[in-house]
Amino acid sequence: MILPSRCIQSTKKDALYPSYDAIVIGAGIAGLVCGSFLAKAGKKVLIIEQHSIPGGYCTSFKRKGFVFDAAVHHIGGCGKWGIVGRCFKTLGIEMAFYPLDPMDHLIFPDVSIEIPADLDEYILRLQDQFPLEKSNIKNFFQEFIKLYRATFNNEKSQIIDKYKNMTYLDMLDNFFLNDEIKMVLSGQWGYIGLPPAQASAIGMCQMMINYLKDGAFFPVGGTQEFANAIFKKFIDLGGHSMLSCKAEKILCNEKSAHGVALQDGREISAKLVVSNIDAKQTFF
Ligand SMILES: Cc1cc2nc3c(=O)[nH]c(=O)nc-3n(C[C@H](O)[C@H](O)[C@H](O)COP(=O)(O)OP(=O)(O)OC[C@H]3O[C@@H](n4cnc5c(N)ncnc54)[C@H](O)[C@@H]3O)c2cc1C
C-alpha cells in the first residue's frame with residue numbers, strides 16, 4: 001500500500017513546542033525508530049530532517065514512472081522473531097514484506113553460489129560445493145552462531161573477548177585454507193562497508209547470521225514505504241517533525257546538550273539531543 005503523501009509532512013509551525021523532551025536529528029531508520037520509542041514512552045519528541053522525505057538511505061525516488069530505491073535492496077530480521085519484526089510489533093506497525101529466497105547470488109570468475117535465506121540450507125550448499133572443507137564449514141558456523149548469541153547477552157563472555165579485536169579475515173583464516181570458500185563467505189562484506197581484512201568478525205557475524213537465521217525481505221511498495229510506515233507511527237504517537245530543515249549546531253553547555261540550532265537561525269531546546277547523523281559531522 002502506498003501511503004498518501006499528506007501523511008509525510010512537517011508538523012504545522014504553530015503546533016510546534018518551544019521545548020521538547022528529546023530532539024532527534026536525522027529521520028533515517030535509526031532516528032525514526034528511536035523517536036517512535038521515545039514518543040511511545042510518552043516523551044515530547046521532535047525529529048529534524050534536512051531532506052523533504054524521511055528514511056535517509058532507506059528512501060525511494062521516481063523517474064519516468066519507475067520507482068528506484070536509493071540504497072537498501074533487502075532487509076534482514078523482518079520475520080516475527082527478527083529485530084525489525086519485534087520492533088514493529090512493539091510499536092504496532094503493520095507492514096507487508098516479500099521474503100527473498102535466494103537472498104543473493106554471488107558470482108566470481110571461477111565460482112558462483114546462490115545464498116539461500118536459511119542457515120542449514122546454506123551450510124549444506126557450501127559443503128556440497130567445497131567437500132574438502134565439510135567439517136571446517138560446520139565448525140565455522142557453530143562458532144559463528146555462538147558468537148551471534150553472545151552479542152545479545154550483556155554478560156562478559158569468552159567468545160566476545162576472543163573476537164572483539166579480530167578482523168573477519170583473521171577469523172576465516174583460523175577455519176579455512178581454501179581461498180575460494182573464504183571469498184564466498186566474504187561475498188556480502190559490502191553490507192557492512194568494509195572488506196574482510198578490515199571488517200570486524202563480530203560485525204560480519206551479526207549481519208550474516210541475522211540474514212541467514214531470519215531471512216531477507218523486501219517491503220511491499222518499496223523501501224520508502226518502510227520508512228513512511230515508521231514515520232507515520234511516530235506522528236500517530238504524538239511525535240513532531242520538521243522536514244526540509246537542517247540542524248546546524250547542537251547547543252551545549254559545559255556538561256550536556258540542551259537544544260538544536262537550525263540553519264535558518266531558530267533555536268529549539270530539549271532535555272536530550274539524539275544525533276542520528278554521521279559521527280564526524282556531529283562532533284566537528
Ligand atoms: C548503497 C547502500 C546500500 C545499502 N543496502 C542495504 C541493504 O540492502 N540492506 C540493509 O539493511 N542496509 C543497507 N544499507 C545500509 C543502510 O542503508 C543503513 O545502515 C541505514 O539506512 C542507516 O540508517 P541511519 O538511520 O543510521 O542513517 P541514515 O540513513 O544515514 O540517516 C541519517 C539522516 O540524517 C539526515 N541528516 C544528516 N545531516 C543532517 C542535519 N544536519 N540536519 C538534519 N538532518 C540531517 C540525513 O538526510 C538522513 O536522512 C545500504 C547502504 C548503502 C549506502
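Just follow the structure's listing: the first ligand is 1, and inside any ligand the first atom is 1.
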Give the atoms of ligand 1, by number and element, whose distance to some non-hydrogen atom of Gly56 is under 4.0 Å. 29 (O), 31 (O), 48 (C), 49 (O)

Can you confirm, on distance only, whether ligand 1 has an N/O atom lying under 3.5 Å from any N/O atom belonging to Ile277? no

Nearest 0.5 Å please: distance from the CD atom of Gln224 over to the CZ atom of Phe61. 11.0 Å

Purely on distance, is any nitrogen or oxygen of Ala27 under 3.5 Å from one on ligand 1? no

Tell me the protein heavy atom at minimum distance from atom 15 (C) of ligand 1, and give that distance in Å. Val72 CG2, 4.7 Å

For ligand 1, is there an atom lying under 4.0 Å from some heavy atom of Cys245? yes

Any N or O on Tyr57 sitting closer than 3.5 Å to an N or O of ligand 1? yes

Identify the closest protein heavy atom to atom 23 (O) of ligand 1: which residue and atom is it, and at what distance? Ile29 N, 4.1 Å

Polar side chain donor-acceptor pair, Asp161 to Gln158, under 3.5 angstrom: no

Test applied, side chain to side chain donor-acceptor pair (under 3.5 Å); reference residue, Thr223; option that passes from Thr59, Asp69, Asn228: Asp69

Contacts satisfying ring-ring contact (aromatic ring centres under 6.0 Å, His included) that involve residues 240-273 (not counting sequence neighbours) are Tyr17-His240, Tyr20-His240

Short list, please: which atoms of ligand 1 are under 4.0 Å from a heavy atom of Ile25? 42 (N), 43 (C)

What are the atoms of ligand 1, with element, lying closer than 4.0 Å to any heavy atom of His74? 7 (C), 8 (O), 9 (N), 10 (C), 11 (O)

I'd like to check whether Glu49 has a polar contact with ligand 1, where a contact means an N/O of the residue lying under 3.5 Å from an N/O of the ligand. yes

Kindly state if atom 11 (O) of ligand 1 has a protein heavy atom within a strict 4.0 Å cut-off, that is, under 4.0 Å? yes

What is the closest protein heavy atom to atom 24 (P) of ligand 1, and at what distance does it sit? Asn276 ND2, 3.8 Å

Look at atom 50 (C) of ligand 1 and say which protein heavy atom is nearest, naming residue and atom and giving the distance to 0.1 Å. Ala71 CB, 4.2 Å

Contact region, Tyr211 to ligand 1, non-hydrogen atoms below 4.0 Å, reads side chain

Show which atoms of ligand 1 fall inside a sub-4.0 Å distance from at least one heavy-atom site of Ala30. 25 (O), 26 (O)

Could you go through residues 77-91 and list every donor-acceptor pair under 3.5 Å that involves a side-chain atom there, pairing it with any protein atom two or more places apart or in another chain?
from	atom 1	to	atom 2	distance (Å)
Arg86	NE	Trp81	O	2.9
Arg86	NE	Gly82	O	3.4
Thr90	OG1	Arg86	O	2.7

Assess, by modelled atom type and distance only, whether the side chains of Tyr163 and Asn174 contain a donor and an acceptor separated by less than 3.5 Å. no

A quick test of your reading: do over 12 heavy atoms of other residues, nucleotides or ligands sit less than 6.0 Å from NZ of Lys44? yes

Gap separating the OG atom of Ser275 from the CD1 atom of Ile250, nearest 0.5 angstrom: 5.0 Å

Is the closest side-chain donor-acceptor distance between Ser244 and Gln50 under 3.5 Å? no

Would the Phe140 and Phe144 ring centres measure less than 6.0 Å apart? yes

Ligand 1 to Gln50 polar contact by distance, N or O atoms, under 3.5 Å: yes

Note: ligand 1 atoms sitting under 4.0 Å from heavy atoms of Ile48 are 43 (C), 44 (N)

Look up atom 6 (C) of ligand 1 and tell me if a protein heavy atom lies less than 4.0 Å from it? yes

Protein heavy-atom partner closest to atom 34 (O) of ligand 1 - residue, atom, separation in Å: Gly26 CA, 3.2 Å

Between Tyr98 and His74, does the ring centroid distance fall short of 6.0 Å? no

How far is atom 31 (O) of ligand 1 from the closest protein heavy atom, and which atom is that? Gly28 CA, 3.3 Å

Please determine if Ala247 has a nitrogen or oxygen closer than 3.5 Å to a nitrogen or oxygen of ligand 1. yes

Should we count CZ of Phe152 as having more than 12 external heavy atoms under 6.0 Å? yes

Hey, is the main chain of Gly92 close enough, under 3.5 Å, to the side chain of Lys233 for a donor-acceptor pair? yes

